[in-house]
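In the text below, chain A, chain B and the rest are named by the order of the sequence lines, each starting its count at 1.
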There are 2 protein chains.
Amino acid sequence: MTVKILKQASTAETIARLAAIVGERHVLTGAADMAGFLREPRELFVGEAACVVKPGSTAEVAAIARLCHETSTPLVPQGGNTGLVGGQTSRTPDSIVLWLGRLQAVREIDVSSNTMIVEAGVTLSRAQDEASRVGRLFPLSLASEGSCTIGGNLATNAGGTAVIAYGGARRLANGLEVVLADGRILSNLSKLAKDNTGYDLNDLFIGSEGTLGIITAAVLKLYPKPRAVETALIGLASPAKAVALLNLALDHAGGEVTTFELIPRIGLDFVFAHAPGARDPLARAHAWYVLLELSSQSRQGLGERLLDLLSAAADQGLVEDAAIAASENQRAAFWRLRELLPEVQKHEGGSIKHDVSVAIADVPVFLNEVERAVSAAMPGARMVPFGHLGDGNIHCNVSQPIGADKAVFLSRWDEINSIVHGIVAQHHGSISAEHGIGQLKRDLLPQVKDKVAMEVMRALKATLDPNNILNPGKVL
Amino acid sequence: MTVKILKQASTAETIARLAAIVGERHVLTGAADMAGFLREPRELFVGEAACVVKPGSTAEVAAIARLCHETSTPLVPQGGNTGLVGGQTSRTPDSIVLWLGRLQAVREIDVSSNTMIVEAGVTLSRAQDEASRVGRLFPLSLASEGSCTIGGNLATNAGGTAVIAYGGARRLANGLEVVLADGRILSNLSKLAKDNTGYDLNDLFIGSEGTLGIITAAVLKLYPKPRAVETALIGLASPAKAVALLNLALDHAGGEVTTFELIPRIGLDFVFAHAPGARDPLARAHAWYVLLELSSQSRQGLGERLLDLLSAAADQGLVEDAAIAASENQRAAFWRLRELLPEVQKHEGGSIKHDVSVAIADVPVFLNEVERAVSAAMPGARMVPFGHLGDGNIHCNVSQPIGADKAVFLSRWDEINSIVHGIVAQHHGSISAEHGIGQLKRDLLPQVKDKVAMEVMRALKATLDPNNILNPGKVL
């Protein structure tokens with residue numbers, strides 16, 4: 001048995017000590033000043049906190065962690081505050097929100113090694129721009145890229161639309177700098193593509209949603225910037241045809257397949273109804289669509305490869321019609337149809353969200369089963385499943401029946417979740433393919449996760465954060 | 001303070017209990033029967049053990065772990081016994097060697113999801129063949145692929161010649177089944193491309209060299225089989241030109257660059273001197289060579305892209321001459337020049353090995369510094385640095401001076417290692433890019449690794465293997 005004696009500190013004393021670390025103007029305590037840090041984008045969670053602290057360096061983050069560790073004060077790391085599961089929202093009035101947005105340095109760009117060292121507070125779009133300036137691509141791409149930060153992207157192992165070719169955030173970091181719960185700094189800003197000296201510590205922190213350590217900087221992997229991009233919007237009859245098309249595309253173009261997004265007709269109907277200027281590039285309606293993009297380093301041949309692919313797909317009866325973007329404007333218009341999907345659902349009333357994945361081969365059966373079960377539970381509910389078919393990750397959203405009461409519909413969130421997640425479990429799928437667990441799915445996790453996996457996660461948490469100060473009440 | 005009371009068991013009793021788990025004929029105790037499991041390929045380490053046990057199922061592995069956990073008996077997992085750092089060799093007479101070669105099932109191949117579930121004892125070449133039979137590629141490729149096993153590949157995060165395009169073993173597994181030290185089974189045989197439900201446990205076990213858990217099965221990622229392959233042997237003046245060529249190749253061909261291996265002239269001289277039938281495809285000698293391979297899903301255009309690349313490289317003064325393989329036989333002959341390099345060094349006397357990596361941009365300076373320092377310490381020593389320039393991973397081997405005494409030369413192994421590793425450290429490189437730590441580099445690790453990283457590794461080991469039974473004396 002272990003007896004812990006923890007130093008207790010008053011909130012006022014803690015705030016004074018924080019101010020001594022970062023300077024008074026970097027500690028916010030007023031309700032109005034803190035408001036923007038306490039509510040997340042969907043407003044599902046509104047938090048409380050003693051203060052928001054804004055460190056300007058890794059050393060300051062370390063000093064803050066040390067203080068919180070000593071005083072058992074909850075510390076909630078936050079980047080761009082764009083997370084969708086409440087992982088960045090503090091829960092208790094004694095919590096400290098650790099805003100990492102002042103860690104803004106691009107410490108190094110090594111063009112020849114294809115690496116870039118950036119601090120946690122750099123936004124994703126700035127990281128993309130910095131890479132682009134030296135002729136490189138940082139391929140992570142998300143809806144919130146203008147405000148989300150690299151620290152948050154790594155803490156949540158962010159996904160997005162380019163995962164099929166480049167992987168998610170996890171695969172795009174060679175090295176990390178991490179402040180541990182007790183303020184020790186783990187320095188592993190490795191530019192190495194290969195390093196087998198001991199355990200893979202980086203991947204323990206990536207995706208841990210700030211519960212095991214605070215990522216303060218990372219070595220990002222860069223890629224050559226593609227010279228040619230071909231984009232097609234393809235109409236087809238079913239998800240089964242889309243899966244067959246995916247494999248045909250991989251067979252024809254391999255790593256050149258940089259986007260493979262599934263869209264249901266109802267999603268486009270919503271877009272045409274609510275987004276001014278959006279128009280259908282295809283002559284008639286199809287039950288399903290794929291937004292396909294191929295990228296190549298070679299200026300020649302990619303257009304022909306896309307035509308070959310589409311013609312082989314037509315021969316096999318996989319596609320009904322396709323439009324190929326003939327200009328950058330058309331390409332942007334195709335992408336807009338996909339990117340507007342989350343937005344336009346808001347105009348159709350309530351939407352119950354599911355960020356799920358199953359094995360790619362199982363997607364068609366899975367979607368069928370979900371449609372049947374949700375319709376049985378709630379006649380008239382409108383399934384709007386869309387997203388990253390190339391990764392088996394479909395955002396299986398449910399829009400309310402036409403004319404239904406939004407509040408009544410949303411009151412059935414947990415019931416509908418549990419129907420969908422039950423089918424996910426039967427297919428050994430994931431209830432959080434890319435958004436994480438945060439607060440939103442914390443209570444669901446033990447129901448779907450392997451029991452031993454839960455035990456190991458709890459043991460790791462206790463080892464790395466014995467006083468449970470790092471983002472408590474999230475994930476576990 | 002914790003007081004541990006461990007049950008002590010006699011070796012005879014342990015062996016009897018093992019026989020009850022796996023059947024008597026699957027427990028080897030005779031010196032002759034065990035010999036092949038106690039010495040590793042280079043014979044740097046010859047071990048001792050109480051017995052070799054050969055479980056036939058995951059449940060049997062779990063029962064063995066439980067027994068060893070209870071009795072604090074060292075358990076040394078072994079696959080194909082091809083590791084180069086003594087990780088698979090047991091060290092003490094009370095140890096049990098856990099041979100996983102009977103876990104032979106290919107549990108599932110899902111062509112449409114591009115996944116394959118195999119057990120730990122399946123050899124790498126069989127995994128490649130199974131994938132090939134269904135039109136897929138399992139891209140991991142190593143010199144020892146005929147005998148090394150998937151379990152060992154994952155436990156050591158094996159690298160090889162295709163890492164530049166497909167990553168190492170870590171990136172090729174979507175899910176794992178792992179027996180923990182106390183016999184619990186972690187079931188995470190996930191076929192999912194994306195899953196953000198909690199911590200990334202798989203990557204903790206991958207590369208941990210059997211010290212944190214025993215991998216019994218894995219979900220492997222498959223790729224479409226390339227339709228076209230183009231292979232060139234390129235003569236050039238320096239590693240700096242080779243790095244420039246690498247970036248030009250990535251710029252021209254991106255993910256189609258599936259091999260980029262650096263070879264020094266002395267390596268080819270060794271091959272021509274000792275390998276019957278090997279011949280130089282180029283008209284004159286060059287200081288350095290690159291073996292470049294491009295792979296594509298498209299039959300058309302790859303040859304032209306290679307020619308374009310070589311012509312652009314010639315325009316920039318990067319390459320002196322190049323031969324392109326015109327047939328599968330020629331391609332095999334080019335590869336043989338590369339693959340014979342470790343073998344032919346044996347005919348030139350002693351060879352002191354270094355499996356190191358640095359950032360790609362640093363390779364040229366690094367090689368210069370190593371050459372200078374080693375020559376100063378040992379005039380006449382012959383540097384034979386070759387390998388995976390695409391990953392910054394050069395096997396910086398040193399052949400003995402001509403006419404030197406082999407034993408005297410090899411007695412300076414640690415001294416030469418420490419010179420090379422000192423330069424590696426200055427470049428923030430890795431002293432084990434792909435072979436792991438095992439026994440060979442265990443004492444070096446604390447000298448080169450971040451202090452906090454060592455502390456975290458030790459804490460993880462204590463958490464997951466509190467009785468220190470899993471491959472004790474390896475890595476940490």
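- For a residue to count as touching a neighbouring chain, one of its non-hydrogen atoms must lie under 4.5 Å from one of that chain's; by this rule Arg171(B) touches chain A with the side chain only.
- Among Val475(B), Asp251(B), Thr463(B), Leu250(B), the residue with the largest count of heavy-atom pairs under 4.5 Å with chain A is Asp251(B).
- Counting heavy-atom pairs closer than 4.5 Å to chain B, the top residue among Gly135(A), Gly255(A), Gly254(A) is Gly254(A).
- Only the side chain of Leu464(B) comes within contact range of chain A, with heavy atoms under 4.5 Å apart.
- Of the possible polar contacts, one joining the Ser113(B) side chain to the Ala361(A) backbone as a donor-acceptor pair under 3.5 Å is found.
- Every residue two or more places apart in sequence or in another chain that forms a side chain to side chain contact (heavy atoms under 4.5 Å, CB included) with Ser357(B) is listed here: Leu192(A), Asn393(B), Ser430(B), Ala433(B).
- Annotation: the span from Leu460(A) atom CG to Asp200(B) atom CG amounts to 10.5 Å, rounded to 0.5 Å.
- Heavy atoms closer than 4.5 Å to chain A are found in the side chain of Asn114(B), but not in its backbone.
- There is no contact between Ile164(B) and chain A, counting heavy-atom distances below 4.5 Å.
- Using a 4.5 Å cut-off between heavy atoms, Ser190(A) makes no contact with chain B at all.
- Only the side chain of Asp110(A) comes within less than 4.5 Å of a heavy atom in chain B; its backbone stays farther off.
- Proximity to chain B is limited to the backbone of Thr156(A), based on heavy atoms less than 4.5 angstrom apart.
- Between chain B and the options Ala253(A), Pro226(A), Ser295(A), heavy-atom pairs under 4.5 Å are most frequent for Ala253(A).
- Chain B forms the most heavy-atom pairs under 4.5 Å with one residue out of Ala193(A), Pro224(A), Gly436(A), Ser432(A), and that residue is Ser432(A).
- Heavy atoms closer than 4.5 Å to chain B are found nowhere in Arg299(A), neither backbone nor side chain.
- For the options Val111(A), Asp391(A), Ile360(A), heavy-atom pairs under 4.5 Å to chain B are most numerous at Asp391(A).
- Sequence neighbours left out, not one pair with a member in residues 153-163 of chain B passes salt bridge (charged side-chain N to carboxylate O under 4.0 Å, His left out).
- Distance check: Asp203(B) CG to Asn202(A) CG gives 10.0 Å after rounding to the nearest 0.5 Å.
- Contact annotation for Asn157(B): both backbone and side-chain heavy atoms come within less than 4.5 Å of a heavy atom of chain A.
- For the set Arg305(A), Glu256(A), Arg170(A), the count of heavy-atom pairs under 4.5 angstrom toward chain B peaks at Arg170(A).
- In this structure, the portion of Leu476(A) lying under 4.5 Å from any heavy atom of chain B is its side chain and not its backbone.
- Only the side chain of Leu180(B) has a heavy atom closer than 4.5 Å to any heavy atom of chain A.
- Contact annotation for Ser296(B): neither backbone nor side-chain heavy atoms come within less than 4.5 Å of a heavy atom of chain A.
- With chain B as partner, the option from Lys441(A), Lys225(A), Lys191(A), Arg184(A) having the largest number of non-hydrogen pairs under 4.5 angstrom is Arg184(A).
- Residues of residues 449-458 of chain B lying under 4.5 angstrom from chain A, judged on non-hydrogen atoms, are Lys449(B), Asp450(B), Val452(B), Ala453(B), Glu455(B), Val456(B), Met457(B) in numerical order.
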query = Is there a side chain to side chain contact (heavy atoms under 4.5 Å, CB included) between Thr197(A) and Leu445(B) once you walk through the steps?
reply = CA-CA 7 Å; Thr197(A) 55; Leu445(B) 190 60; 3.7 Å; yes
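- Contacts of Glu434(B) classified as side chain to side chain donor-acceptor pair (under 3.5 Å), with partners at least two apart in sequence or in another chain: Lys194(A), His388(B), His395(B).
- Of the residues listed (Ile206(B), Thr211(B), Ile437(B)), the one engaging Tyr199(A) in a side chain to side chain contact (heavy atoms under 4.5 Å, CB included) is Thr211(B), and it is the only one.
- Contact of Asn247(A) with chain B is made through the side chain alone, with heavy-atom distances under 4.5 Å.
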